[in-house]
2 protein chains.
Amino acid sequence: MAGADTSQRILDIAERLVQTRGFNGFSYADIARSLRVTKASLHYHFPAKAGLGKRLIERYEQNFLNALAAIDRGGGGARSKLDAYVAIYTAVLRNDRMCLCGMLAAEFATLPKPMREEMRRFFDENDRWLTVTLEHGRTTGELEFSGPALQVARTLVGLLEGAMMIARSYGEVGRFQAVAERALADLAA
Amino acid sequence: MAGADTSQRILDIAERLVQTRGFNGFSYADIARSLRVTKASLHYHFPAKAGLGKRLIERYEQNFLNALAAIDRGGGGARSKLDAYVAIYTAVLRNDRMCLCGMLAAEFATLPKPMREEMRRFFDENDRWLTVTLEHGRTTGELEFSGPALQVARTLVGLLEGAMMIARSYGEVGRFQAVAERALADLAA
DNA sequence: GTCTATAGGTGGATAGAC
DNA sequence: GTCTATCCACCTATAGAC
């Protein structure tokens, strides 16, 4: 399956490009250079850029969900789960990247509709996992917060995405870590 | 001064385009169409797109600082100042726009250096004003939070920018308002 | 200050040989 | 599956007439 392998490598390179430069900030020529093939070859695997973009989000979301499932299997408490959740973001930022979907959220107005829908699914899944985790933590008394867990979840996602974006502009991962840790500390009972 | 007026109208249109589509998501042709002039005319006022971009940030930052000064002149307490600060963001989002600099933060890697520096200045000024406001509120006992005010300031900016970006992708201003109000409520003594 | 015309480059995408 | 060659639309930017 040399074909499937090439498709994966294309996705790997495109993913990095979107996370660093945005969907409108890279071209098939960039991927071709990096993979040492011609642009035409890329179109064999992904006829249109919109399709490549949709696949990118699907794969990113799947990997993200797998990471969340791994956290749940880890069996720690709510706080340690949230720490692990933040660690995913931190690892991305250390790699000089933005969250794929955070990046696409900025470019939302210019994206083809299938990409928009897929991107929102990513945020919906994040809200869902965080809501469950937060509510469980509140039930066990490990966490303390008022109001609906969904609102705390959205606050967390918004903060992580925004702080990540700004921290990257300064090249300072610590800037992100400081606010993320503070946000989690505020949830401790 | 029809010339200066034209320059301002160009900036107005370009500003809207950057806030909705991003700096890499619009072209001189878009401005020309909207202003009903030719692309060549635009280059008389702004020879290069990078220069136009830098001017955009400078003007946006100046308007923002003026708004902050107006809030300070209003003479309310720390909490009402923070409410007014959030209201600036809400107004932008109601207009289906992102914060200009939040948008540029996403595109950071593709921006010319002068735009990067100007953009960071915007965030620095926001940090500064919020830090002063937060510290004053803590002194008077109106606000309550632990740790350096600068960290709370950066948490707020990160949250507002991130939540704004995501809320815009859903076309739901209320999504932004809910998390913003919650964040401010957490600061009340 | 605004226009026409155009340069020189890059964008995504396709046809058809190998 | 990958290549060469090419298309056409669009990009930023400039020259020079009006």
Side chain to side chain contact (heavy atoms under 4.5 Å, CB included) involving Glu125(B) - partner list, sequence neighbours excluded: Glu61(B), Leu65(B), Arg128(B)
statement: Here the ring pair (Phe, Tyr, Trp, His ring centres under 6.0 Å) pairs for residues 126-152 of chain B, sequence neighbours left out, are Tyr85(B)-Trp129(B)
query: Does Ser7(A) have a side-chain nitrogen or oxygen under 4.0 Å from the phosphate oxygens OP1 or OP2 of dG1(D)?
result: no
message: A quick test of your reading: do over 12 heavy atoms of other residues, nucleotides or ligands sit less than 6.0 Å from CZ of Arg55(A)?
response: no
What donor-acceptor contacts under 3.5 angstrom involve side-chain atoms of residues 101-109 of chain A, with partners at least two apart or in another chain?
unit_1    : atom_1 : unit_2   : atom_2 : d
Glu107(A) : OE1    : Phe23(A) : N      : 2.7
Glu107(A) : OE2    : Phe23(A) : N      : 3.1
Glu107(A) : OE2    : Asn24(A) : N      : 2.8
Glu107(A) : OE2    : Asn24(A) : ND2    : 3.4

field: Below 4.0 Å: OP1/OP2 of dT2(C) and any side-chain N or O of Thr38(B)
entry: no
message: So if I take every side-chain heavy atom of Ala29(A) and compare against dT2(D), dG11(C), dC3(D), which nucleotide ends up nearest?
response: dG11(C)
query: With a 4.0 Å cut-off on heavy atoms, is Ser27(B) in touch with a base, just the backbone sugar-phosphate, or nothing at all?
result: sugar-phosphate
Set of residues satisfying side chain to side chain contact (heavy atoms under 4.5 Å, CB included) with respect to Glu142(A), sequence neighbours excluded: Ala78(A), Arg79(A), Thr140(A)
field: Ser41(A) side-chain proximity, nearest of dT2(D), dT2(C), dC3(C)
entry: dT2(D)
message: Taking side-chain hydrogen bond (donor to acceptor under 3.5 Å, both in side chains) as the cut-off, I'd like each qualifying pair that reaches into residues 175-184 of chain A, sequence neighbours left out, listed once.
response: Arg175(A)-Asp127(B), Arg182(A)-Asp186(A)
Polar atom pairs (N or O), protein with nucleotides 13-16 of chain D, under 3.5 Å:
unit_1  : atom_1 : unit_2   : atom_2 : d
dA13(D) : OP2    : Lys49(B) : N      : 2.7
dA13(D) : N7     : His43(B) : NE2    : 3.2

- line: Whole-Å distance, Tyr44(A) OH to dA15(C) P, equals 16 Å
query: In residues 12-19 of chain A, which residues come under 4.0 Å of DNA chain D by heavy atom?
result: none
Ring pair (Phe, Tyr, Trp, His ring centres under 6.0 Å) contacts in which one or both residues fall within residues 46-75 of chain B, not counting sequence neighbours: Tyr60(B)-Phe122(B), Phe64(B)-Phe122(B)
- prompt: Over how many whole Å does the gap from His45(B) atom NE2 to dT12(D) atom P extend?
  reply: 17 Å
Spacing of Ile31(B) atom CD1 relative to dC10(D) atom C1', expressed in whole Å: 15 Å
All N/O donor-acceptor pairs, side-chain side in residues 90-99 of chain B, below 3.5 Å, sequence neighbours left out:
unit_1   : atom_1 : unit_2   : atom_2 : d
Thr90(B) : OG1    : Val86(B) : O      : 3.0
Arg97(B) : NH1    : Gln19(B) : OE1    : 3.1

